[in-house]
Protein chains: 2
Amino acid sequence: MEDRGTFDHLPHKTIARLSQYRRALLLCLSRGKSHIFSHEIATIQHITPVQVRRDLMLIGYSGTLRKGYNIKELISLIGNIIDSEEGLKVAIVGMGNLGRALINYFSGKRHKLSIIAGFDTNPDKIGNTMNGVPCYSATRMREIIEKEGIQIAIITVPAENASQTANELVAAGIKGLLNYTPKPIDVPEYVYLEEYDMITTLEKVAFYVKMKTLEEKGITTI
Amino acid sequence: MEDRGTFDHLPHKTIARLSQYRRALLLCLSRGKSHIFSHEIATIQHITPVQVRRDLMLIGYSGTLRKGYNIKELISLIGNIIDSEEGLKVAIVGMGNLGRALINYFSGKRHKLSIIAGFDTNPDKIGNTMNGVPCYSATRMREIIEKEGIQIAIITVPAENASQTANELVAAGIKGLLNYTPKPIDVPEYVYLEEYDMITTLEKVAFYVKMKTLEEKGITTI
DNA sequence: AAATAATTGTTAATAAAATAACATTGTTAT
DNA sequence: ATAACAATGTTATTTTATTAACAATTATTT
């Protein structure tokens, strides 16, 4: 009996950090390091060593005292947790600036997760290849998703088309969605949805800058 | 005695939702609606009505029973909380695909928050204007930030230049940073930092897709 | 050989966020 | 007039996430 599925109670934040640890670890490995301490990982990620150790405890990995964690082993374990054995295919819907940015960020970085198709409605883009990713007509979305077995889609279309696009993707059998439009979408419970709204994030930064400014004024004028 | 500063204990998540509420409200207003119920806001944002009411309670806004919340008033209150009276200026550092995407997303959407400068090292880009935003040489960053009083910067340079860029921005007097590179940066405590890592987010989606798939297999095969 | 220091792994405590429970209050219907 | 209903506002509870505390262990120093 395998113990895949053991990891289904990991905190969401831990999952995100594991992905980041892996990237840091890959970098360390490429520099010839073989072991690493929790406080080293912590420094790279700007978090506390305790948090690192706790995350690693949760995934059941043990380091050796005074030597730290074996980088190769840890990378491999994180891979077992995050990656799908067979790999997952990803599509970008909307090949505008953001879509292309994502392709550049991602191209060839993870072999278990690859962007293999882009979709757009602009005839000038259809038929082109960007960074190795072919751009298809949005009308062929379902066909290609089914044919290629694409399971994840990133929505980078204009906000007004977001929900329509999401519906089509769900109908096409997509299992995970990453929505970069500011328009919240909704999906059946069997689809995992992650929303990220750039405008909100910027406004949040603005709010905290304002707060810091007010604080300063408070301190200097009273 | 003013009560600005009253809002400095709002939960981070509430701040983010307020920004989203405002956007939804502006849309409703433009459609001629004058009042809105908590459950309507909730439906738009795919959250619960309780969450909405709680957030509004925290900012001290009261609706009227059976009529809901006055949209104009609420928009204005959220503006008082999030926006700086004088407005804040934003710079984009790195005018690649992501930088340009952000400019498109944002251009002219918030008059209290405007992207007024872009920086890049590519001579082909320097001197151009993109969506009304001039692109300057990265060597002039400090000069222009100081001259224009820019307080927020969005980092969209290649990962390997992230920390260097951040240092320069901090030295130039930036108060808030939004880092879109996958490389964590660090800044003095008087600078507000928000990091967003696209690769991690995608890997997180991949993890949950994997989990859902395993669950299904579990259910159908056992 | 003993003492010290450095590090892991785990449990306990705290803090932050979301959810539930429910009291209150107008409005409508009977 | 009274009952039923639909909404808000608030307190209490639960859940999630982080941080702190500390025991255990091994390497190093004296």
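By convention in this document, chain letters (A, B, ...) are assigned in the order of the sequence lines, proteins followed by strands, and residues within each chain are numbered from 1. Values below: every heavy atom of this structure, side chains too, minus hydrogens, waters and symmetry copies. Since we're looking at a predicted model, the values are computed, not measured.
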(message) Is it the case that over 12 heavy atoms from other parts of the model lie below 6.0 angstrom from the NZ atom of Lys33(B)?
(response) yes
Side-chain N or O of [X] closer than 4.0 Å to phosphate OP1/OP2 of [N]:
X	N	answer
Arg17(A)	dT18(D)	yes
Ser62(A)	dG9(C)	yes
Lys67(A)	dA27(D)	no
Arg53(B)	dT8(D)	yes

(message) Of the options dA7(D), dG9(C), dA21(D), whose atoms approach the side-chain atoms of Met57(A) most closely?
(response)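 In terms of side-chain proximity for Met57(A), the closest of dA7(D), dG9(C), dA21(D) is dG9(C).
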(message) Nearest to the side chain of Leu65(A), heavy atoms from C-beta on, is which of dT25(D), dG9(D), dA21(C)?
(response)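 Selected nucleotide: dT25(D).
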(request) Any chance you could measure Phe207(A), atom CZ, to Leu18(B), atom CG, to the nearest 0.5 Å? (result) 8.5 Å
Give the rounded distance in Å between these two atoms: [atom1] of [X] and [atom2] of [N].
X	N	atom1	atom2	answer
Asn70(A)	dT7(C)	CG	C1'	16 Å
Lys13(A)	dT16(D)	NZ	P	13 Å
Ile15(B)	dA18(C)	CD1	P	13 Å
His12(A)	dT15(D)	NE2	C1'	13 Å
Asp55(B)	dA16(C)	CG	P	16 Å
Ile41(A)	dT7(C)	CD1	P	13 Å
Ile59(A)	dG9(C)	CD1	C1'	13 Å
Phe37(B)	dG26(C)	CZ	P	15 Å

(request) State whether a side-chain donor-acceptor pair under 3.5 Å links Thr200(A) with Arg23(B). (result)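 Yes - a donor-acceptor pair under 3.5 Å links their side chains.
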(message) Quick one, Leu98(B) and Ile154(B) - any side-chain contact, counting heavy atoms below 4.5 Å?
(response)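 No, too far: nothing below the 4.5 Å cut-off.
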(message) Strictly distance-based, threshold 3.5 Å: is any side-chain N or O of Ser114(A) a donor or acceptor partner for the main-chain N or O of Ile116(A)?
(response) no
(message) Quiz question: going by heavy-atom distance under 3.5 Å, is there a donor-acceptor pair between the base of dT19(D) and the side chain of Arg54(A)?
(response) yes
